[in-house]
> 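Below you will find the structure I want to go over with you.
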There are 2 protein chains.
Amino acid sequence: MDHTAPQSPAGLSTTPSWLLNQTASHAARLLSEGFAAHDLRGYHYRLLATLAEDGPASQADLGRRCGIDRSDVVAAINDLAGRGLVVRAPDPADRRRNVISITDAGTDEARRMAATVERAQADLLAPLSGTEREQLTRLLTRLLHHHSRH
Amino acid sequence: MDHTAPQSPAGLSTTPSWLLNQTASHAARLLSEGFAAHDLRGYHYRLLATLAEDGPASQADLGRRCGIDRSDVVAAINDLAGRGLVVRAPDPADRRRNVISITDAGTDEARRMAATVERAQADLLAPLSGTEREQLTRLLTRLLHHHSRH
DNA sequence: TCAATACGTTGGCCGGACCAACGTTGGTTG
DNA sequence: CAACCAACGTTGGTCCGGCCAACGTATTGA
């Protein structure tokens with residue numbers, strides 16, 4: 001049989017995008033499992049964490065900061081507000097906007113979730129030394145930076 | 001929260017899992033766009049590439065090799081077979097199995113898609129030097145290895 | 001022989017990401 | 001001032017990847 005392996009000697013398993021995808025998928029699974037204990041999902045954590053760090057913001061702003069679509073922000077904020085982790089109030093200065101603020105309960109939850117995330121992180125990076133973790137972070141950051149501004 | 005962060009937005013944007021997720025997401029978008037030109041998706045490529053490299057296999061085997069669920073393999077193989085890129089034949093030696101073989105057209109398509117993938121790869125890794133790409137690949141492979149043998 | 005396992009298949013669910021459209025409100029410009 | 005365009009929140013979808021439960025058929029092994 002003319003088993004002429006094209007130009008991919010070792011196939012998928014060495015393709016950077018494949019490796020990225022797989023490791024990211026694994027990381028996401030770890031996070032997702034952690035979040036499940038809080039009965040929340042990734043979107044909720046991103047929003048909560050951003051609110052805890054950067055303070056109140058409009059939904060559109062939140063979406064931009066978290067990389068979440070406006071329409072998806074609506075639903076997630078609904079959930080968070082329904083749990084009292086967040087408050088949605090009309091912006092008197094601009095009646096198109098809602099100002100979203102984190103509540104004390106929300107701050108607590110954010111802190112707990114951050115701990116969960118940190119555990120997942122440690123688990124994920126277990127096989128890497130400190131230097132290697134730094135390397136990885138640097139490389140990924142470079143990639144992200146390069147591609148996010150075009 | 002103690003602000004141990006310099007001026008760079010702390011929080012999410014430095015979390016390895018976040019960086020992984022974002023870069024992987026970007027890579028997936030690049031690939032997806034490339035695949036769209038072939039009117040196929042990621043699953044199709046994985047299957048086609050695996051068949052081209054490793055030869056015929058049962059659907060269950062394919063699923064295991066590609067990391068695709070049996071049930072999803074069915075649909076994807078249906079698509080590929082419907083296009084004549086692949087042939088599904090009952091295995092005479094084990095009547096539970098279907099043997100999936102790639103056709104000549106399939107091999108061609110696999111080659112073309114591989115080229116597309118390589119372009120996406122180059123695009124993705126553009127900002128990195130050869131050494132850095134190697135570093136990244138090595139780190140990701142380490143992570144994957146460690147976590148895949150759970 | 002009978003139970004356990006593997007296979008292909010159907011049909012469903014979830015999470016993340018994205019898009020189009022609408023009505024409302026704000027800003028700009030003519 | 002009026003007209004227009006842009007931004008906002010919201011609704012209601014689509015898509016893809018990943019996963020699971022269940023069924024009938026076929027195979028294996030105890």
Side-chain angles (χ1 to χ4, degrees), chain A residues 12 17-18 20-36 38-47 57-81 86 88-100 148, chain B residues 12 17-18 20-36 38-47 57-81 86 88-100 148:
Chain A
L12 291 182
S17 71
W18 168 261
L20 264 174
N21 199 350
Q22 291 302 103
T23 52
S25 169
H26 197 82
R29 208 173 52 78
L30 282 177
L31 278 182
S32 182
E33 285 169 2
F35 290 159
H38 302 259
D39 211 47
L40 289 172
R41 291 167 299 133
Y43 277 11
H44 300 125
Y45 171 66
R46 295 198 218 168
L47 291 168
S58 74
Q59 298 181 194
D61 257 41
L62 277 176
R64 277 183 290 261
R65 292 192 214 166
C66 302
I68 302 181
D69 190 89
R70 273 150 59 207
S71 60
D72 298 319
V73 171
V74 176
I77 292 295
N78 282 346
D79 297 344
L80 294 175
V86 132
R88 184 194 257 125
D91 184 344
D94 184 342
R95 291 180 7 236
R96 292 173 300 180
R97 289 185 166 90
N98 289 333
V99 175
I100 311 298
S148 67
Chain B
L12 290 183
S17 71
W18 168 261
L20 265 173
N21 200 352
Q22 290 303 103
T23 53
S25 170
H26 197 81
R29 208 174 52 79
L30 282 177
L31 280 183
S32 184
E33 283 168 4
F35 290 159
H38 302 258
D39 211 49
L40 288 172
R41 292 166 300 136
Y43 277 11
H44 300 126
Y45 171 66
R46 293 198 219 168
L47 292 168
S58 74
Q59 299 182 193
D61 257 41
L62 277 176
R64 278 184 289 261
R65 293 192 213 165
C66 302
I68 302 180
D69 190 272
R70 273 151 58 207
S71 59
D72 299 319
V73 171
V74 176
I77 292 294
N78 283 345
D79 297 344
L80 294 175
V86 133
R88 183 194 257 126
D91 184 345
D94 184 341
R95 290 176 12 235
R96 290 172 301 180
R97 289 183 167 92
N98 289 334
V99 175
I100 311 298
S148 66

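The chains referred to below are lettered A, B, ... by the order of the sequence lines, with proteins before strands, and numbering in each begins at 1.
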> Are OP1 or OP2 of C:dG16 and a side-chain N or O of B:N21 less than 4.0 angstrom apart?
no
> Given atom OH of B:Y45 and atom P of D:dC16, what is their separation to the nearest angstrom?
18 Å
> Look at B:Q59 and C:dC7 and indicate whether a side-chain polar atom (N or O) is within less than 4.0 Å of OP1 or OP2.
no
> Rounding to a whole Å, what distance do you find between A:L40:CG and C:dG15:C1'?
14 Å
> Rounded at 0.5 Å granularity, tell me how far NE2 in A:H44 sits from CG in A:D39.
9.5 Å
> Do A:R46 side-chain atoms and A:C66 backbone N/O form a donor-acceptor pair below 3.5 Å?
yes
> Is B:R41 near enough to D:dG17 that one of its side-chain N or O atoms lies under 4.0 angstrom from OP1 or OP2?
yes
> Which comes earlier along DNA chain C counting from the 5' end, the contact point of A:S32 or that of A:R96, where each point is its nearest nucleotide?
A:S32
> Would you mind reading off the distance between A:R97 atom CZ and C:dG26 atom C1', rounded to a whole angstrom?
9 Å
> Is any side-chain heavy atom of B:I77 closer than 4.5 Å to a side-chain heavy atom of B:L62?
yes
> In the structure I gave you, are the side-chain heavy atoms of A:V86 and A:L47 within less than 4.5 Å of one another anywhere?
no
> Whole Å only: how far is the CD atom of B:E33 from the C1' atom of D:dC15?
14 Å
> Heavy-atom distance under 4.5 Å between the side chains of A:L80 and A:L40, does that happen here?
yes
> Could you give the NE2-to-P distance, from B:H44 to D:dC15, as a whole number of Å?
14 Å
> I'd like to know if the side chain of B:H38 reaches the main chain of B:F35, judged simply by a donor and an acceptor atom lying under 3.5 Å from each other, with no hydrogens or angles considered.
no
> Locate the shortest heavy-atom distance separating A:L20 from A:T23; write the atom from each residue and the value.
O-OG1, 3.0 Å
> Measure the distance from CG on B:L30 to P on D:dC16 and round it to the nearest whole Å.
17 Å
> Separation of A:D91 atom CG from D:dA7 atom P, in whole Å?
17 Å
> On DNA chain D, check which nucleotide each of B:A93 and A:S58 is closest to and give me the residue with the more 5' one.
A:S58
> Do the side-chain N or O atoms of B:N78 get closer than 4.0 angstrom to the phosphate oxygens (OP1, OP2) of C:dG8?
no
> How many Å lie between CH2 on B:W18 and P on C:dG16, as a whole number?
11 Å
> Kindly point out which of C:dG26, D:dC19, C:dC18 is positioned nearest to the side chain of A:R29?
D:dC19
> Is there a residue in residues 64-77 of chain B whose heavy atoms reach under 4.0 Å of DNA chain C, and which residues are they?
B:R64, B:R70, B:S71, B:V74
